[in-house]
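Since the structure comes first, as structure tokens, the remarks are kept for the end.
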There are 2 protein chains.
Amino acid sequence: MQAEYDVYEDKCPTRMVLDRLADKWSVLILDRLDNEAVRFNQLRRDIKGVSQKVLSQTLKKLERDGLISRTVFATVPVTVEYALTPLGKTLTDCVSELAHWAERNMDEVLAAQKSYDKTLD
Amino acid sequence: MQAEYDVYEDKCPTRMVLDRLADKWSVLILDRLDNEAVRFNQLRRDIKGVSQKVLSQTLKKLERDGLISRTVFATVPVTVEYALTPLGKTLTDCVSELAHWAERNMDEVLAAQKSYDKTLD
DNA sequence: GATGCTTAGTTTCCAAAAGAAACTAGGTAA
DNA sequence: TTACCTAGTTTCTTTTGGAAACTAAGCATC
């Protein structure tokens with residue numbers, strides 16, 4: 001860790017990067033791109049519930065940050081493939097862990113919620 | 001991973017948990033609570049830029065999900081300590097990795113942004 | 001005994017973002 | 001010519017986020 005950057009500091013540029021990464025859609029996109037390039041509409045179909053606007057915006061930001069690449073193919077109709085860059089691949093383990101943590105611990109979270117809500121009566 | 005839960009599904013309860021975890025403030029709070037309990041105002045001072053409202057809301061949600069505990073001490077004035085639960089501790093490695101990834105890769109991200117912005121001229 | 005400080009929040013208000021749905025545009029197939 | 005594919009953008013409404021003020025109890029200072 002370099003001393004010049006501190007994510008706990010309000011004005012540190014790392015805060016903006018964390019804000020991008022610590023986002024539901026970013027995590028799902030990066031996780032989906034693990035091991036294969038995926039087209040826009042395929043991402044839209046796989047990541048259920050994402051709107052075209054938000055998907056488009058999120059992909060653009062991830063591309064700008066150098067985490068994913070965007071490749072246009074001159075097919076008919078034109079197709080666009082998104083893939084992880086080498087930089088993006090350094091996030092794979094962490095993002096996958098975060099994305100799927102809930103699947104492994106959902107029952108415990110649901111029990112905690114139930115217990116918490118009971119104390120509010 | 002249990003077959004009954006799939007974070008890619010819109011209506012799956014895991015999606016709500018991911019939405020909670022994949023949040024800038026949640027990540028910073030969980031990271032800050034690694035290895036020690038911290039009081040409300042201390043969190044507020046350490047995590048620079050967080051508003052009292054958002055800190056309070058986020059802590060409440062993390063507590064409801066069973067990731068952190070809230071302990072009130074009858075000091076004068078009353079103090080409240082937040083700490084990771086055993087469930088919350090299972091996220092430590094992953095959350096720390098995500099929180100500090102930017103500090104290690106900021107230069108590369110900044111270079112990518114600069115390069116991306118140049119192509120827009 | 002009024003002012004100011006601490007604790008841990010809540011409330012209010014406005015701006016920014018998220019989401020749903022419609023629209024664009026170019027080309028193919030029925 | 002109607003419909004569907006691609007990959008988006010635009011518009012509008014609702015929800016959320018953030019800044020600042022306020023609450024409330026208790027102690028120290030002047």
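The chains referred to below are lettered A, B, ... by the order of the sequence lines, with proteins before strands, and numbering in each begins at 1.
Which of D/dT6, D/dA7, D/dG18 sits closest to the side chain of A/F40 comes down to D/dA7. Minimum atom distance to the side chain of A/T79 is reached by D/dA7, of the listed D/dA7, D/dG18, C/dG26. Of the candidates D/dA7, D/dG18, C/dT7, the closest approach to any side-chain atom of B/R45 belongs to C/dT7. In the set C/dG19, D/dG18, C/dG9, the nucleotide with an atom closest to the side chain of B/V80 is C/dG9. Of the listed nucleotides (C/dA18, C/dT10, C/dT7), C/dT7 has the atom at the smallest distance from the side chain of B/P77. Minimum atom distance to the side chain of B/Y82 is reached by C/dG9, of the listed C/dG9, C/dA22, D/dC5. Out of C/dT28, C/dT7, C/dG19, the shortest distance to the side chain of B/N41 is found at C/dT7. Looking at the side chain of A/V76, the nearest of the listed nucleotides C/dG19, C/dT28, C/dG9 is C/dT28. Side-chain proximity of A/R39 to the nucleotides C/dA8, D/dT6, C/dT10 is greatest for D/dT6. When distances are taken from the side chain of A/Q52 to each of D/dG8, D/dA19, C/dA8, the shortest belongs to D/dG8.
Side chain of A/D31 to backbone of A/V27: no donor-acceptor contact under 3.5 angstrom is found.
We find that NZ of A/K48 is positioned 17 Å from P of C/dG19, with the value rounded to whole Å. A/D19 places its CG atom 17 Å from the P atom of D/dT16, with the value rounded to the nearest Å. Nucleotide C/dA20 holds its P atom 13 Å from the CG atom of A/L55, rounded to whole Å. As rounded to whole Å, 12 Å separates atom C1' of C/dG9 from atom CD of B/Q57. Residue B/I47 contributes atom CD1, which lies 14 Å from atom P of C/dA8 at whole-angstrom precision. In this structure, B/M16 atom CE and C/dA18 atom C1' are separated by 18 Å, rounded to whole Å. Rounded to an integer number of Å, the gap from NZ of A/K53 to P of C/dA17 is 10 Å. Rounded to whole Å, the distance from CG on A/L43 to P on D/dA7 is 9 Å.
For CG of B/D93, the number of neighbouring non-hydrogen atoms (other residues, nucleotides, ligands) closer than 6.0 Å is 12 at most.
Here the closest non-hydrogen pair linking B/Y8 and A/R32 is OH-N, 3.1 Å. Nearest heavy-atom pair across A/V72 and A/R70 is CG2-NH1, 3.5 Å.
Along DNA chain C, the nucleotide closest to A/V50 and the one closest to B/L59 are compared, and the more 5′ of them pairs with B/L59.
Phosphate contact (OP1/OP2 of D/dG17, side-chain N/O of B/W25, threshold under 4.0 Å): absent. Proximity of B/K60 to the phosphate of C/dT10: a side-chain N or O atom is located under 4.0 Å from OP1 or OP2. Taking 4.0 angstrom as the limit, A/S56 places a side-chain polar atom (N or O) nearer than this to OP1 or OP2 of D/dT9. Of the side-chain N and O atoms in B/R44, none sit less than 4.0 angstrom from OP1 or OP2 of D/dG18. Close to C/dG19, at under 4.0 Å from its OP1 or OP2, lies a side-chain N or O of A/K24.
Contact of the A/L43 side chain with the A/L28 side chain is not registered, since no non-hydrogen atoms from C-beta on lie closer than 4.5 Å. For the pair B/D34 and B/L30, the minimum side-chain heavy-atom distance is 4.5 Å or more.
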